[in-house]
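A short worksheet on the structure shown next.
Proteins come first, then strands; the chains are lettered A, B, ... in the order of their sequence lines, and each starts at number 1.
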2 protein chains.
Amino acid sequence: MKAKITLKDIARELEVSISTVSKALKNSEEISRDTKEKVQAFAKLYNYKPNNIAISLKNKRTKNIGVVIPDIVHHFFTTVIRGIEKYANARGYNVIVCLSEESFDKEVINMEMLANGSIDGFIMSLSSETQQKGDFNHLKEVTEQGIPVVLFDRITNEIDCDKVIIDDELGAYMATKKFIEQGKKNIALITTDDYLSVSKARTMGYIRALEESDLGVDESKVLKLPSMEMDEKSIKKFMDSQELDAVLCVNEIFAVYSMRLAQQKGLKIPEDISFIGFTDGLLSKYANPSLTVVSQHGERMGEVSAKMLIDQVESEEEEETYQTKILEPTLVIRDSIFH
Amino acid sequence: MKAKITLKDIARELEVSISTVSKALKNSEEISRDTKEKVQAFAKLYNYKPNNIAISLKNKRTKNIGVVIPDIVHHFFTTVIRGIEKYANARGYNVIVCLSEESFDKEVINMEMLANGSIDGFIMSLSSETQQKGDFNHLKEVTEQGIPVVLFDRITNEIDCDKVIIDDELGAYMATKKFIEQGKKNIALITTDDYLSVSKARTMGYIRALEESDLGVDESKVLKLPSMEMDEKSIKKFMDSQELDAVLCVNEIFAVYSMRLAQQKGLKIPEDISFIGFTDGLLSKYANPSLTVVSQHGERMGEVSAKMLIDQVESEEEEETYQTKILEPTLVIRDSIFH
DNA sequence: TATTAACACGAAACCGTTTTCGTGATGCAT
DNA sequence: ATGCATCACGAAAACGGTTTCGTGTTAATA
């Protein structure tokens with residue numbers, strides 16, 4: 001086992017001072033050509049690499065960014081992470097991922113763990129429990145300490161920081177309007193409780209599209225599940241209870257599952273009943289029929305979030321001016337609706 | 001903005017030395033009751049939290065573990081990460097995720113970045129390019145430096161370290177045998193080139209099951225794709241070229257896609273043709289019909305890997321005895337085969 | 001020859017902890 | 001009064017770097 005070599009080792013071996021070695025490796029003007037060559041050759045030979053921790057301690061920059069998300073086994077979050085990772089890596093940053101698993105306590109613990117010097121900034125999406133409680137003190141504390149935070153997708157207006165979201169209202173509006181244009185009359189919405197910021201916005205888009213049309217809103221055609229967790233029973237009951245010819249779902253799982261229910265009843269998709277979901281994941285692509293979705297562009301969202309965060313981390317002046325980027329959703333047309 | 005408070009700040013404020021503060025906060029016997037109370041109260045009031053970086057530098061432990069995987073938008077890896085994250089977090093570790101994106105170079109760069117003090121150990125699954133090249137020097141360097149490594153799923157025998165895999169050979173064997181028991185005669189395999197350790201093992205299991213039966217192996221019934229990337233054309237061509245009544249696929253995407261091809265030809269699943277895939281993801285669960293799969297128990301794999309790594313990191317003696325844990329795969333029966 | 005600038009390097013502080021060791025003060029026994 | 005523990009605390013080194021500033025040597029200049 002060859003242990004890592006340090007500046008001190010090089011200095012001792014070459015009989016110069018640590019400072020000389022440090023400067024020589026940085027090609028400082030101060031050091032003579034001779035010494036520099038000697039030091040650099042020696043360093044290369046023994047594969048010297050500076051210790052990241054020591055550097056972090058010195059310049060109070062870790063080059064790590066903390067990502068706190070509710071769940072990783074969810075296609076949307078996965079793509080966001082990928083976007084963050086790609087962008088951050090390109091700028092020399094590493095990504096520390098923490099999962100809150102939709103729990104407020106875990107979110108708090110994770111943030112506290114990372115806030116003590118481990119990271120330069122946070123990118124996060126709130127857990128459902130946090131959004132439900134409306135308690136954002138952990139975020140406040142962190143921002144007050146001057147640690148930059150970027151909130152994405154599941155955000156709150158109570159915290160002053162950069163934010164990245166897609167226009168969920170618009171996404172749902174576009175989807176619903178599509179149904180209307182295709183002559184659908186009984187358009188349902190399967191969503192979750194309003195405390196989830198995204199669900200609330202989507203519901204609003206659905207309502208706006210219907211109100212702009214002759215159809216109007218029928219409350220009984222809206223199913224609000226308590227969470228994003230799959231709840232087969234409630235969906236089945238809802239789907240069985242009425243005649244529908246179009247269903248908008250707040251995620252792809254709900255959509256694919258309800259498609260199957262419809263098929264079991266002998267309905268033809270999209271002729272008898274059409275479906276649109278949110279999240280452009282594998283499921284939508286490979287479902288049968290393939291599912292039309294509102295794409296949230298997770299990877300893009302990740303990149304944008306990472307850019308905003310790193311720009312802030314690296315900016316000297318602490319700018320008290322935060323922005324909210326709103327990404328446009330797009331409809332990815334597949335076989336679950338008419339082309 | 002309230003800046004973080006340090007030991008030095010407390011010391012200055014309370015007019016004691018830094019060492020006294022440090023000891024007082026650790027409830028050292030050395031310090032008088034009075035002083036301890038004073039210091040602890042002050043620390044609490046100003047919400048003192050020790051700086052992780054400084055501690056890392058001091059005791060050469062970061063409490064971070066590096067996870068390097070080829071891809072994150074893949075259900076299996078996602079579940080592994082979740083397993084790692086849960087276990088590691090419970091033991092006070094954070095997880096730094098790096099994606100190699102199946103590239104050898106990125107794998108190397110990521111490892112080098114992390115190996116300079118940022119982490120206490122690695123958990124990784126090799127990129128396909130690395131397995132193809134057979135170049136493992138980056139792993140050798142790291143292990144020679146005394147940094148513990150745990151390899152999972154995509155492993156190599158050229159490196160001495162702990163490993164966690166599932167018995168891929170057995171999984172494919174079980175699946176193929178299932179087909180045979182159900183009277184299937186023309187059993188195909190859609191897999192990838194043998195350089196991927198998992199594909200090779202799965203192919204061997206498939207072959208063993210067939211050889212043990214009366215059927216024997218028919219090379220033309222095996223499709224070897226160049227990588228795990230989806231290649232619709234090749235699969236379509238393969239499926240069209242012959243009469244099959246069962247297909248084993250090396251992942252769930254290939255399986256779901258070929259199911260759809262079969263359905264388009266008017267075949268009934270599972271009566272005319274049955275399917276089994278690897279990876280128990282969302283796709284399998286919500287496909288139509290739902291897909292029978294060989295479950296790799298990713299989350300378990302993640303937990304086991306994390307446990308092995310952390311145990312090694314925390315063990316004083318550097319044990320030169322490495323183990324390979326082989327997890328048993330299980331068949332998750334769904335509607336793509338007879339129940 | 002005396003002055004001075006340039007050169008090449010080292011000493012030391014610093015980042016925020018932990019930990020070892022030393023020491024002044026106190027109290028007790030002799 | 002003297003010796004000796006014990007107590008309560010501080011000084012300083014260490015982790016591995018970066019950076020400022022000081023300094024001895026040499027060579028050029030007056």
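Shortest non-hydrogen contact noted between B:Leu309 and B:Val149 is CD1-N, 4.2 Å. Here the shortest heavy-atom pairing between A:Pro70 and A:Ser127 reads CG-CA, 4.1 Å.
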Go through B:Lys86 and B:Glu299 one step at a time and tell me if the salt bridge (charged side-chain N to carboxylate O under 4.0 Å, His left out) criterion holds.
CA-CA 9 Å; B:Lys86 272 191 189 171; B:Glu299 196 157 336; 3.0 Å; yes

Begin with the C-alpha distance, continue with both residues' side-chain angles, and end with the deciding distance and a verdict on salt bridge (charged side-chain N to carboxylate O under 4.0 Å, His left out) for B:Arg82 and A:Asp71.
CA-CA 8 Å; B:Arg82 184 204 250 171; A:Asp71 183 11; 3.6 Å; yes

Decide yes or no on salt bridge (charged side-chain N to carboxylate O under 4.0 Å, His left out) for B:Lys38 and B:Glu15, but give the supporting numbers first.
CA-CA 11 Å; B:Lys38 221 172 41 179; B:Glu15 298 184 300; over 6 Å; no

Could you walk me through whether A:Arg91 and A:Asp311 pass the salt bridge (charged side-chain N to carboxylate O under 4.0 Å, His left out) test, one step at a time?
CA-CA 10 Å; A:Arg91 285 184 69 168; A:Asp311 282 350; 2.8 Å; yes

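The list of salt bridge (Lys or Arg N to Asp or Glu O under 4.0 Å) pairs with a residue in residues 21-33 of chain A, not counting sequence neighbours, reads A:Lys23-A:Glu30. Judged as a salt bridge (Lys or Arg N to Asp or Glu O under 4.0 Å), the pairs with a partner in residues 106-130 of chain A (not counting sequence neighbours) are, in order, A:Glu101-A:Lys106.
C:dT19 atom C1' lies 13 Å from atom CD1 of B:Ile55, rounded to whole Å. In this entry the distance linking CD1 of B:Ile10 with C1' of C:dG16 reads 12 Å, nearest Å. Remark: C1' of C:dT17 and NZ of B:Lys4 are 14 Å apart, rounded to the nearest angstrom. Rounded to whole Å, atom P of C:dT17 lies 5 Å from atom CG of B:Asn51. Rounded to whole Å, the distance from CG on B:Leu7 to C1' on C:dT18 is 9 Å.
Between A:Pro50 and B:Thr20, the residue anchored nearer the 5' end of DNA chain D, judged by the nucleotide with its closest heavy atom, is B:Thr20. Nearest-nucleotide positions on DNA chain C place B:Ala54 closer to the 5' end than the other of B:Ala54 and B:Ser19.
At C:dG16, none of the side-chain N or O atoms of B:Tyr48 fall inside 4.0 Å of OP1 or OP2 (strictly under the cut-off).
Taking a 4.0 Å limit (strictly below) on heavy-atom distances, residues 21-37 of chain A reaches DNA chain C at A:Lys23, A:Glu30, A:Ile31, A:Ser32, A:Thr35. At a non-hydrogen distance threshold of 4.0 Å, A:Val16, A:Ser17 from residues 11-18 of chain A come into contact with DNA chain C.
For the atom pair A:Phe136 CZ and A:Glu158 CD, the distance stands at 5.5 Å (nearest 0.5 Å). In this structure, CE in B:Met308 is found 4.0 Å from CD in B:Gln323, a value given to the nearest 0.5 Å. Interatomic distance, CG of B:Asn64 versus CG of B:Leu114, reported as 9.0 Å (0.5 Å rounding). The CZ atom of B:Phe77 lies 13.0 Å from the OG1 atom of A:Thr78; values are rounded to the nearest 0.5 Å. Considering CD of A:Gln40 and CG of A:Leu45, their distance stands at 13.5 Å, rounded to 0.5 Å. Expressed to the nearest 0.5 Å, how far CZ of B:Phe104 lies from CD1 of B:Ile109 amounts to 10.0 Å.
You won't find any donor-acceptor pair under 3.5 Å spanning the side chain of B:Lys58 and the base of C:dT17, going by distance alone.
Axis angle between the ends of the helix from C:dT1-D:dA30 to C:dT30-D:dA1, five pairs each and rounded to 10 degrees, works out to 80°.
Mapping heavy-atom proximity under 4.0 Å, the span of DNA chain D touched by chain B runs 5' to 3' from D:dA8 to D:dG16.
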